[in-house]
Amino acid sequence: MKIKAAVVDQVNDPFVIKDDIELADMGPTDLQVKLVASGICHSDEAIRKGDASLGYPVILGHEGSGIVEKIGAQVKNFAVGDHIVMSFYADGTCDNCLKGMPTKCRNYADYNLSGTRPDGSDHFQENGHHVSDMFDQSSFTTHTVVDQRNAVKVDKDLDLRRLGPLGCGYVTGSGTVLNTLQPRPGQTIAVFGTGAVGLAAMMAGKISGCTEVIAVDIVDDRLTLAKELGATHTINSKNEDPVAAIKKLTNGYGVDFTVDTTGVEPVMVSAIHSLAQGGTAALIAVTAKNITISSWNDLCVDDKKVIGVNMGDSIPQVDVPRLIDFYKHGMFPFEKTEKFYKFDQINEANADSVSGKTIKPVLIIDESYQPEA
């Protein structure tokens, strides 16, 4: 089947929309999906510019939402016409998957970051040549084929254009807090970077009952939105030292938890230094940067911890519906971070994401889609 897709031919190239991409045939547990929309994530940009690589040419995108067009013979719980959000693939059979930890699937990297389908076959080709995929999904396309394990069914009365980022950015930020850090009511959290991931983490801190929810950024407009979404305090780290400001807000102690979504070296270090005794810093940005800290002075003396978290330790089929429930109750208004772009505006949308002009660009791939009244 020939489809239209946005392709990056070489590292640092712009996206080029091509209409001659060949889509793989379906397997018995696969869904063929007509894309309605896709969020743009900073992970897409990291791969486009070569901070990480799936091999080139590549079709990026991993925050897709769409409508099921066909199902394989062994598909369960999905039907033609279902609305879905797509996320990562995990096999469900390894020991970690069986323990309920699909983000720690033993073959996670091979399945999602190798540029091929889980069985090693091509997801896409151009003129008979391999084109790499992303997350066994590649949502910068008009159509894709995914395994049923990539998909989360959502209610048809929801605006499908808005939901794709729930499959990565929003579930990563919120899951880092709700699943991994698990703050108790009355504890405190600071989030560094108020992009989509950071704001999701911040809203999850509020949902968890944190009494101090501190947003740190260098863009005043983003900090204003963070306040609207539940931050108790905001800090512009261009204007003041965030570590000193955070300690001033917490009786000199620091916060129980920090989340860094920037991947910027001094910011990641500040996230560690802002912790109270016994605190935990989650550094979750896709970044090529490294940090230098003293294991004794920065960690051991105050019993601090630094952790990495993949995809918010999420189970998409559990966590995405939970976020939708929060959204319906007005507790997770993620739509306030989004701005729609046409598919052929992908390079503009990506540039706006990189510059911070738009927090969560969403490409409308099927402009004929209309949400149900």
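Computed from a predicted model, the values in this text were never measured in an experiment.
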request  = Output the distance between atom OG (S87) and atom CE (M311), rounded to the nearest 0.5 Å.
outcome  = 4.0 Å
message = Is it the case that atom NZ in K206 sees more than 12 heavy atoms from other parts of the structure closer than 6.0 Å?
response = no
ask   = Between N236 (side chain) and K238 (backbone), is there a donor-acceptor pair under 3.5 Å?
value = yes
request  = Take R106 and D95 through the test salt bridge (charged side-chain N to carboxylate O under 4.0 Å, His left out) and record every step on the way to the result.
outcome  = CA-CA 8 Å; R106 295 293 185 181; D95 57 336; 2.9 Å; yes
inquiry  = Would the distance check show the side chain of T337 and the main-chain N or O of A196 forming a donor-acceptor pair, the cut-off being under 3.5 Å?
reply    = no
query = Would D344 and K342 count as a salt bridge (charged side-chain N to carboxylate O under 4.0 Å, His left out) if you check the C-alpha gap in whole Å, the side-chain angles of each, and the deciding distance to 0.1 Å?
reply = CA-CA 5 Å; D344 62 8; K342 294 181 179 180; over 6 Å; no
ask   = Sub-3.5 Å donor-acceptor pair from the side chain of S139 to the main-chain atoms of H62, do we have one?
value = yes
task = For the pair Q187 (side chain) and R184 (backbone), establish whether a donor and an acceptor sit closer than 3.5 Å, ignoring hydrogens and angles.
result = yes
task = Using the six-membered ring wherever Trp is involved, compare the ring planes of F135 and F88 and label them parallel, tilted or perpendicular (cut-offs 30° and 60°).
result = perpendicular
message = Between D91 and Y111, is there a side-chain donor-acceptor contact under 3.5 Å, judged purely by atom types and distance?
response = yes
request  = State plainly whether one hydrophobic cluster holds both M101 and Y89, where clusters connect Ile, Leu, Val, Met, Phe, Trp and Tyr through side-chain heavy atoms under 4.5 angstrom apart.
outcome  = no
ask   = Out of curiosity, does F257 fall in the hydrophobic cluster containing L199 (side-chain heavy atoms, cut-off under 4.5 Å, transitive links)?
value = yes
message = Is it true that, when you exclude K4 itself, more than 12 heavy atoms of the residues, nucleotides or ligands shown sit nearer than 6.0 Å to its NZ?
response = no
inquiry  = Quick check on side chain to side chain donor-acceptor pair (under 3.5 Å): which of T180, T176, N179, T172 does D313 satisfy it with?
reply    = T180
ask   = Side chain of N347, backbone of N350: donor and acceptor closer than 3.5 Å?
value = no
inquiry  = Does atom CG (D25) have a neighbourhood of more than 12 heavy atoms from anything else shown, all under 6.0 Å?
reply    = no
request  = Take atom NZ of K357 as the centre, draw a 6.0 Å sphere, and report whether it contains more than 12 heavy atoms from other residues, nucleotides or ligands.
outcome  = no
Closest contact, heavy atoms only, G205 versus I189 = CA-CG2, 4.3 Å
query = What's the shortest heavy-atom distance between L275 and K305, and which atoms?
reply = CD1-O, 4.1 Å
ask   = Taking it one step at a time, do T358 and Y341 satisfy side chain to side chain donor-acceptor pair (under 3.5 Å)?
value = CA-CA 11 Å; T358 301; Y341 295 77; 2.7 Å; yes
ask   = Taking the side chain from S38 and the backbone from V362, do they hold a donor-acceptor pair closer than 3.5 Å?
value = no
Check: H143/T141 side-chain N/O donor and acceptor closer than 3.5 Å = no
message = Under a 3.5 Å threshold, yes or no: a donor from one side chain and an acceptor from the other, between H273 and D298?
response = yes
inquiry  = Check whether R48 reaches the backbone of N12 with its side chain - one donor and one acceptor, N or O, closer than 3.5 Å.
reply    = yes
inquiry  = Is it true that S314 and D319 share a donor-acceptor pair across their side chains at a distance under 3.5 Å?
reply    = no
inquiry  = Under a 3.5 Å cutoff, is there a donor and acceptor pairing between the side chains of N96 and Y108?
reply    = no
